[in-house]
Amino acid sequence: MKISIIGSGNIGGNLARLFIKAGYDVALANSRGPSSLRDFVYELGGKLHPVDVDGAVTYGDVVIVSIHWRSLDSLEVFNVPGKIIVDTTNPYNEDGTFYDLGTDISSSKVIEHFRGGSVVKAFNTIWFKHLAETGNKTLPVEERRVIPIAGDDKSAKEKIALLIEEIGFGPLDTGVLKDGSKLQGVQGILYNRELSVKAARTMIKDAKITK
Ligand SMILES: NC(=O)c1ccc[n+]([C@@H]2O[C@H](COP(=O)([O-])OP(=O)(O)OC[C@H]3O[C@@H](n4cnc5c(N)ncnc54)[C@H](OP(=O)(O)O)[C@@H]3O)[C@@H](O)[C@H]2O)c1
């Protein structure tokens with residue numbers, strides 16, 4: 001499985017570290033180009049491949065999109081049938097307020113830019129410092145910090161779930177994009193909460209009972 005990451009900031013940069021530590025090669029891109037990623041190469045060695053955005057889209061079987069939601073329109077539209085596109089974004093304005101999307105979901109903009117790919121929403125609920133520090137492969141999966149995943153393609157979600165386990169977290173399938181995004185989104189019950197898989201599962205069950 002080849003992994004690319006678009007965005008080398010708080011989330012993208014830490015995911016590159018975690019996947020390289022887990023044994024993967026990672027192609028990493030940002031807006032300033034490959035030469036700006038020298039420090040990552042110095043830190044992470046030959047498994048880190050600095051590329052431009054086109055190179056990242058071409059390289060990965062899994063392409064993780066980790067730029068600000070409001071920056072998605074600065075990307076081209078890519079045709080990516082067969083690829084898994086992981087959407088880490090949250091729809092924040094620059095001033096920290098979030099966009100009211102009404103009945104739409106934030107992944108719609110990712111789907112628009114990565115046509116034909118299977119979009120999985122993941123890594124959007126966890127603060128980057130916790131992402132860097134709280135993975136723990138020695139714990140049973142149910143007791144690990146949860147990384148919820150939503151998506152319409154079951155097989156794509158299963159692949160991302162395995163990757164999440166390999167970096168020490170616990171995946172939890174929250175359903176198709178439309179349903180899962182409500183739980184994982186900025187107003188959802190799983191957003192920015194320090195929960196184990198078991199606790200998150202219980203929370204979803206309780207929320208359904210009290211509806
Ligand atoms: N921060 C968190 O704790 C957190 C937690 C969960 C989810 N998220 C979400 O994850 C996403 C990334 O957040 P972050 O905190 O990692 O942001 P960040 O540190 O500001 O990094 C953003 C990255 O996006 C790159 N970028 C912007 N436009 C681009 C373009 N057109 N092409 C290629 N790269 C581009 C930037 O490139 P340059 O480096 O060249 O400027 C930068 O590397 C956001 O949608 C955020 O809502 C963040």
Side-chain angles (χ1 to χ4, degrees), residues 1-16 18-20 22 24-31 48-92 99 101 104-126 128 131 147-167 169 171-186 188 191:
M1 177 92 69
K2 292 200 287 180
I3 299 175
S4 295
I5 304 175
I6 300 173
S8 62
N10 295 316
I11 294 291
N14 279 308
L15 284 175
L18 290 169
F19 284 121
I20 285 175
Y24 288 90
D25 277 51
V26 172
L28 186 63
N30 62 15
S31 71
L48 190 280
H49 307 285
V51 292
D52 59 19
V53 172
D54 283 355
V57 174
T58 305
Y59 179 87
D61 306 306
V62 171
V63 180
I64 301 173
V65 180
S66 199
I67 71 176
H68 290 287
W69 189 81
R70 58 183 181 274
S71 304
L72 284 167
D73 289 330
S74 67
L75 292 177
E76 284 174 45
V77 172
F78 298 97
N79 287 310
V80 289
K83 291 188 188 270
I84 300 175
I85 308 299
V86 176
D87 169 17
T88 80
T89 69
N90 291 307
Y92 280 106
Y99 292 86
L101 300 175
D104 200 2
I105 53 172
S106 55
S107 294
S108 297
K109 211 190 254 290
V110 174
I111 293 168
E112 269 171 36
H113 282 271
F114 293 89
R115 290 194 185 146
S118 294
V119 173
V120 176
K121 186 98 188 165
F123 302 111
N124 72 302
T125 61
I126 186 166
F128 73 97
L131 180 66
I147 302 282
I149 52 178
D152 300 343
D153 178 339
K154 199 161 174 280
S155 140
K157 277 193 288 195
E158 283 166 2
K159 288 179 182 145
I160 299 307
L162 285 176
L163 288 179
I164 287 170
E165 287 190 24
E166 286 185 67
I167 58 170
F169 291 91
L172 179 64
D173 186 346
T174 60
V176 294
L177 275 176
K178 198 167 187 316
D179 297 339
S181 295
K182 285 186 200 144
L183 296 165
Q184 289 178 220
V186 288
Y191 185 71

Could you pull out the closest heavy-atom pair between T125 and P148, with the gap in Å?
OG1-CD, 3.3 Å

Under the criterion side-chain hydrogen bond (donor to acceptor under 3.5 Å, both in side chains), which of N10, N30, T88, D87 is the partner of S66?
T88

Grab the two heavy atoms, one from P81 and one from N79, that are nearest each other, plus how far apart they are.
CD-C, 3.4 Å

On a heavy-atom basis, the closest approach of Y24 and L163 is OH-CD2, 3.3 Å

Measure the spacing between CG of L131 and CG of N14 and express it to the nearest 0.5 Å.
5.5 Å

Do I6 and F114 make a side-chain contact, defined as non-hydrogen atoms from C-beta onward lying under 4.5 Å apart?
yes

Applying the side chain to side chain contact (heavy atoms under 4.5 Å, CB included) test to S118, which of V80, I160, D153 qualifies?
D153

Determine yes or no for a side-chain-to-main-chain donor-acceptor pair under 3.5 angstrom, with Q184 supplying the side chain and T174 the backbone.
no

Test item: V62 and K159 side chains (from C-beta on) under 4.5 Å apart, heavy atoms
no

What's the verdict on side-chain contact (heavy atoms from CB on, under 4.5 Å) for V65 and L72, showing C-alpha distance, side-chain angles and the deciding distance?
CA-CA 9 Å; V65 180; L72 284 167; 3.8 Å; yes

Using a 4.5 Å cut-off on heavy atoms from C-beta on, say whether the side chain of K157 contacts that of D152.
no

Distance in Å, D54 CG paired with F78 CZ, rounded so as to fall on 0.5 Å steps
5.0 Å

From CD1 (I67) to OG1 (T89), nearest 0.5 Å:
8.5 Å

Pairing of D61 and K2 as salt bridge, 4.0 angstrom limit:
no

Please report the C-alpha distance between I147 and I167 in whole Å, then the side-chain angles of each, then the deciding distance to 0.1 Å, and finally whether the side-chain contact (heavy atoms from CB on, under 4.5 Å) criterion is met.
CA-CA 11 Å; I147 302 282; I167 58 170; over 6 Å; no

Taking everything shown except R70 itself, do over 12 heavy atoms lie less than 6.0 Å from its CZ?
yes

Taking the side chain as every heavy atom from C-beta outward, state whether V86 and L15 have any pair of such atoms under 4.5 Å apart.
no

Could you check whether any side-chain N or O of H49 sits under 3.5 Å from a backbone N or O of L28, counting only pairs where one atom can act as donor and the other as acceptor?
no

Quick one: pull up NE2 in H113 and CG in D73 and give me the separation to the nearest 0.5 Å.
4.5 Å

If you define the side chain from C-beta out and look only at heavy atoms, does anything of I164 sit under 4.5 Å from I149?
yes

Would you sort out whether I85 and V110 count as a side-chain contact (heavy atoms from CB on, under 4.5 Å), showing the intermediate values?
CA-CA 8 Å; I85 308 299; V110 174; 3.8 Å; yes

So, do L18 and E166 sit near enough that their side-chain heavy atoms are less than 4.5 Å apart?
no

Closest contact, heavy atoms only, L48 versus A16
CD2-CB, 4.4 Å

So do S4 and V51 actually touch side chain to side chain, heavy atoms under 4.5 Å?
no

Could you state the interatomic distance from CD1 (I11) to CD1 (I126), rounded to the nearest 0.5 Å?
7.5 Å

Distance (rounded to the nearest 0.5 Å) between K178 NZ and S108 OG
9.5 Å

In terms of heavy-atom contacts, A156 and V120 come closest through CB-CG2, 4.0 Å

May I have the step-by-step check of side-chain hydrogen bond (donor to acceptor under 3.5 Å, both in side chains) for K121 and S106, ending in yes or no?
CA-CA 9 Å; K121 186 98 188 165; S106 55; 2.8 Å; yes

Taken in chain and number order and not counting sequence neighbours, the residues that satisfy side-chain hydrogen bond (donor to acceptor under 3.5 Å, both in side chains) with S181 are none

Are any non-hydrogen side-chain atoms of L101 and W69 less than 4.5 angstrom apart?
yes

Working for side-chain contact (heavy atoms from CB on, under 4.5 Å), residues F19 and I64
CA-CA 12 Å; F19 284 121; I64 301 173; 3.8 Å; yes

Do side-chain atoms of N90 reach the backbone of Y92 as a donor and acceptor pair under 3.5 angstrom?
no

